[in-house]
There are 2 protein chains.
Amino acid sequence: MRRATLKDVAARAGVHVATASRALNETSRHLVNSATLDRVLRAAADLGYSGNLSARTLRTARSMAIGMLLPDLTNPIFPPIVRGAEDILRERGYSTWIANTDDDPKITAASIDAFLARGVDGFISAGSRLHDGTAEQMAAQGHALVLVNRAVDRADIPSVTADDDHGVRLALSHFVELGHRKIVHLAGPQDLSTGVHRKRAFVQGLADHGLDREPERVAQCEAWSQREGHRVLSGLLRDEKIDFTAIVAGNDLIALGCYDALRERGLTCPHDVSIIGFNDTPFMDHVAPPMTTIRIPQYDLGREAAKLLVDLLEDPTGGPRSIVLPVELVIRRSTAPLR
Amino acid sequence: MRRATLKDVAARAGVHVATASRALNETSRHLVNSATLDRVLRAAADLGYSGNLSARTLRTARSMAIGMLLPDLTNPIFPPIVRGAEDILRERGYSTWIANTDDDPKITAASIDAFLARGVDGFISAGSRLHDGTAEQMAAQGHALVLVNRAVDRADIPSVTADDDHGVRLALSHFVELGHRKIVHLAGPQDLSTGVHRKRAFVQGLADHGLDREPERVAQCEAWSQREGHRVLSGLLRDEKIDFTAIVAGNDLIALGCYDALRERGLTCPHDVSIIGFNDTPFMDHVAPPMTTIRIPQYDLGREAAKLLVDLLEDPTGGPRSIVLPVELVIRRSTAPLR
DNA sequence: ATGAAAGCGCTAACAT
DNA sequence: ATGTTAGCGCTTTCAT
């Protein structure tokens, strides 16, 4: 059976479509007589009416839809973010589009355009490379945009991020308490704000603890991957000049790569080297050894981003706000006192 | 600046909107003179025109959008499925809505209705409980629907699933080759097709190997969770009547729960008991011990589901097809020869 | 308090 | 080959 339209509802209630429309919309409901309101509501319920949002979008130029851009849903940090955002958006009456971009500028541009063609009211982006300018461009064009998990050097683009700095400080303090003094950082790529923040905080933290005498305390990974963690730590282990007893890894995958590199050299974690990861990716409590890591509240990151966006849409005068969410050190067994 | 409309393009090209529309649509392009075609295309490019899909949807009653229903994106089996589907859909010009339902009938119904209100052309559902009737109801209402990862007892609802039966057979053969004879199955919930298929295949497989003399070879988990795996295996270990040297777990999480239960009793895997999981969830290669498991091609499940749906939409006469994708035994270190 | 009418941007049937 | 016209379903201004 054909889906009921407003016209059907109006006919059944014996009123004009305009009246039916008014009755069915919260904001105009007060304009209609309570008896007719009842009739319309009843008719709508009888017919299982639920409106045509394409028509409404066309007429009102508001879609109650938002587009979510992310590099790759398959990367375990994203699902909780998307879930958090979708939960809030659904609660508030919005629907959610998703697109995986692989951080490819072409796919990103095409996805943005597709979302725009569908009249999205705003965007949540989880994949803004620091210097590709996409975010800035979107902001310049006046599109509502909230960045999540990554920020951009511009105060007028709202973002929701985790407190990476504090996470690094927690990691360093933990190591220092355990007696470690020779600590290295396997930094993630520097084209993402998380990468630069964590690295910067590490260098600063080393200085704060008076541990910065040697320069080679940071090694650079070219990707946030296990493979890179393995490659870079292997290099460090071959290099006689650098010795260390503890590693702050850019993220859990890099830390996992460190596990591999240590194992290959016959070293064990945490006996020979302690490691702290970042993110508390699922199952890190079950890897061997269970990984000490900085937990990022991904689900809340998604929720807060969605809240920020909706608030922005509903009150554009509010001005952009950015939120930094607290992180937490989860101590497991990849860290141990210095022998 | 205001987004360009077809009218703007037509004006700039000096033609009527209908001509512009024809020029811009593949199917009607041949109707327009090649010189005017050029002018329209040029004008569209100049203006960065990309159409208003709400208007088109309203007019054509086709949205080129599909809705994806899943219980919980945070469950690691779903992201690759969604990613696979989205990849195909984007390739074919469709956009993707997502909704997490938590398998809650209310949320599911509301999400379906929201998708319908937005005029989706079809649905991909990854969360069809076997007996809740939602899928059947949708099919009855004539909505295009493809089930993924789970099937329903109805031939006319297309589905894409993994070959669970073969997976169980692979697991059993592996155990038998290793010398195991006392094998139990920790079955997943029976309201999902995967749960019943795996259990049925296990019972059948035991018979095929002549290993079915004892009845208590199957224990039932109430959820696909680590916690349930732990609870149920603990029960089995306390039960003096049942002894076993090998476990086919309903999925990897249940298997992880088995790890926990064994550890609590001072038993080790695979020394005392061998375990095979199901799914090859991310990081199962890094748990301790690395888990032998049946790999399900989740990404391809998503891709095939999307293909099936699009084919269905583009040629409804094709009739429903269902696809079963091959699985693979991944041997790691949670299985060992019988001592 | 309700109805009439216009129009959002687009496509398709019809006319030329 | 192109223009004219109508209308998808809805909201909103204006009139009553």
Side-chain angles (χ1 to χ4, degrees), chain A residues 2-41 43-44 47-65 93 113-114 116-121, chain B residues 2-41 43-44 47-65 93 113-114 116-121:
Chain A
R2 208 185 91 265
R3 231 176 125 73
T5 71
L6 193 58
K7 210 162 137 190
D8 300 329
V9 174
R12 181 173 245 262
V15 298
H16 193 267
V17 284
T19 307
S21 173
R22 282 189 277 257
L24 262 10
N25 279 298
E26 288 292 349
T27 52
S28 47
R29 184 161 296 170
H30 66 277
L31 296 171
V32 14
N33 179 294
S34 85
T36 45
L37 175 59
D38 284 351
R39 290 213 318 284
V40 173
L41 260 26
L47 296 173
Y49 174 75
S50 86
N52 178 322
L53 296 190
S54 296
R56 170 182 292 195
T57 296
L58 179 58
R59 178 63 231 236
T60 63
R62 284 213 62 189
S63 62
M64 296 298 280
D113 204 64
L116 251 18
R118 295 192 181 273
V120 294
D121 295 332
Chain B
R2 210 186 90 263
R3 231 176 125 73
T5 70
L6 194 57
K7 210 163 137 189
D8 300 327
V9 174
R12 181 173 245 262
V15 298
H16 192 270
V17 284
T19 307
S21 172
R22 281 188 279 255
L24 263 9
N25 279 296
E26 289 293 349
T27 51
S28 47
R29 185 161 294 171
H30 65 277
L31 297 171
V32 16
N33 180 295
S34 84
T36 45
L37 175 60
D38 284 350
R39 291 212 318 285
V40 173
L41 261 23
L47 297 172
Y49 175 76
S50 88
N52 178 321
L53 296 190
S54 295
R56 170 183 291 193
T57 298
L58 179 58
R59 177 63 233 235
T60 62
R62 283 215 62 191
S63 62
M64 295 300 279
D113 204 64
L116 252 16
R118 295 191 180 273
V120 294
D121 295 333

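Every chain is numbered from 1, with letters handed out A, B, ... down the list of sequences.
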Proximal nucleotide (of [options]) relative to the [X] side chain:
X	options	result
R56(A)	dA12(C), dC10(D), dC10(C)	dC10(D)
V32(B)	dG9(D), dT2(D), dA4(C)	dT2(D)
L6(B)	dT11(C), dG9(D), dT2(C)	dT11(C)
Y49(B)	dA4(C), dT2(D), dC10(C)	dC10(C)
H16(B)	dC10(C), dA1(C), dT5(D)	dT5(D)

For [X] and [N], give me the distance from atom [atom1] to atom [atom2], rounded to whole Å.
X	N	atom1	atom2	value
N33(A)	dG3(C)	CG	P	11 Å
K7(A)	dC8(D)	NZ	C1'	10 Å
D8(A)	dC8(D)	CG	P	11 Å
L31(B)	dT11(C)	CG	P	14 Å
L58(B)	dG9(C)	CG	C1'	9 Å
L24(A)	dT11(D)	CG	P	8 Å
N52(A)	dG9(C)	CG	P	16 Å
R59(B)	dC10(C)	CZ	P	13 Å

Mapping A55(B) and S34(B) to their closest nucleotides on DNA chain D, which lands nearer the 5' end? S34(B)
Minimum heavy-atom distance [X]-[Y], with the two atoms named:
X	Y	answer
S28(A)	R22(A)	OG-O, 3.0 Å
A43(B)	V9(B)	CB-O, 3.8 Å
A20(A)	A10(A)	CB-CB, 4.0 Å

So, does T60(A) get its side chain near the phosphate of dT11(D), meaning an N or O under 4.0 Å from OP1 or OP2? no
State whether S21(B) places a side-chain N or O below 4.0 Å from either non-bridging phosphate oxygen (OP1 or OP2) of dT11(C). yes
Base of dG3(C), side chain of R22(A) - is there a donor-acceptor contact under 3.5 Å? yes
Would you say the side chains of N33(B) and R39(B) form a donor-acceptor pair under 3.5 Å? no
Under 3.5 Å, is there a donor on one side chain and an acceptor on the other for S50(B) and R3(B)? yes
Checking all strands, does T36(B) fall into the base, sugar-phosphate, or nothing category for heavy-atom contacts under 4.0 angstrom? sugar-phosphate
